[in-house]
Amino acid sequence: QVQLVESGGGLVQAGGSLRLSCTTSGFNFGAAPMAWFRQAPGQEREGIASISWGSSNIFYSDSVKGRFTISRDNAKNSLFLQLNSLKPEDTAMYYCAKYTSHGFLSHHRASDVEFWGQGTQVIVSS
């Protein structure tokens, strides 16, 4: 049974930081292309960061580049997202995701995702 479980969300003031975690099971995490997406109310799900199995290829959307950092620990089957310099517009539900192929890493498309987590809420107050 495939599981992706996010944690670490919460309420933070603008300019603050959070660290999101995603623990996984049920698939070969060490070989998997992984990503973080987010979805604000009334908006489409947005791909914001992706990482290859060995962390050699990392991609960010323009909206988070320079502020967010994606990382992984294959020994612990875990994916992370460090969120710094948070803005009110970063308020969203954040989702951990596994892509079907490493070829999709730079595309940030929800349609390329094979498995989703249930999400963790991030709220940034001004």
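Keep in mind that this is a model prediction, so the values were computed, not measured. Reckoned from all heavy atoms, side chains included, excluding hydrogens, waters and symmetry mates.
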Point-to-point distance, once rounded to the nearest 0.5 Å, from [atom1] of [X] to [atom2] of [Y]:
X   : Y   : atom1 : atom2 : value
L81 : S71 : CG    : OG    : 8.0 Å
Q43 : R38 : CD    : CZ    : 8.5 Å
N28 : K98 : CG    : NZ    : 9.0 Å
W36 : I51 : CH2   : CD1   : 11.5 Å
S25 : L4  : OG    : CG    : 7.5 Å
R19 : F80 : CZ    : CZ    : 5.0 Å

Regarding S17 and N84, do their side chains bring together a donor and an acceptor under 3.5 Å, going by distance alone?
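Yes, because at least one side-chain N or O of S17 sits under 3.5 Å from a partner of the opposite role on N84.
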Verdict with reasoning, F59 to K65, per side-chain contact (heavy atoms from CB on, under 4.5 Å):
CA-CA 9 Å; F59 300 93; K65 194 175 298 182; over 6 Å; no
hydrophobic_cluster_shared for [Y] and [X], side chain cutoff 4.5 Å:
X   : Y   : result
L20 : Y60 : yes
L83 : Y95 : no
V64 : V12 : yes

4.5 Å side-chain heavy-atom contact, I48 and H108:
no
Going by ring-ring contact (aromatic ring centres under 6.0 Å, His included), name the pairs with one or both residues in residues 4-29, residues two or more places apart or in two chains.
F27-F115
Minimum heavy-atom separation for [X] to [Y], with atom names?
X   : Y    : answer
R72 : A32  : NH1-O, 2.8 Å
L18 : G8   : CD2-O, 3.8 Å
M34 : T24  : CE-CG2, 4.5 Å
A92 : A40  : CB-N, 3.8 Å
G47 : S61  : O-CB, 3.6 Å
G9  : V122 : CA-CG2, 4.2 Å

Could you check V113 against F37 for side-chain contact (heavy atoms from CB on, under 4.5 Å), going step by step and ending with a plain yes or no?
CA-CA 10 Å; V113 171; F37 283 71; 3.7 Å; yes
side-chain contact (heavy atoms from CB on, under 4.5 Å) between W116 and V2, worked out:
CA-CA 9 Å; W116 293 100; V2 172; over 6 Å; no
Hey, is the main chain of [Y] close enough, under 3.5 Å, to the side chain of [X] for a donor-acceptor pair?
X    : Y    : value
T120 : Y94  : no
Q13  : V124 : no
E6   : C96  : yes

Among all residues two or more places apart in sequence or in another chain, which pass the side-chain contact (heavy atoms from CB on, under 4.5 Å) test with H102?
P33, S52, W53, L105
Ion pair D90/K87, N-O distance below 4.0 Å:
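Looking at K87 together with D90, the answer is no, because their closest N to O distance does not fall below 4.0 Å.
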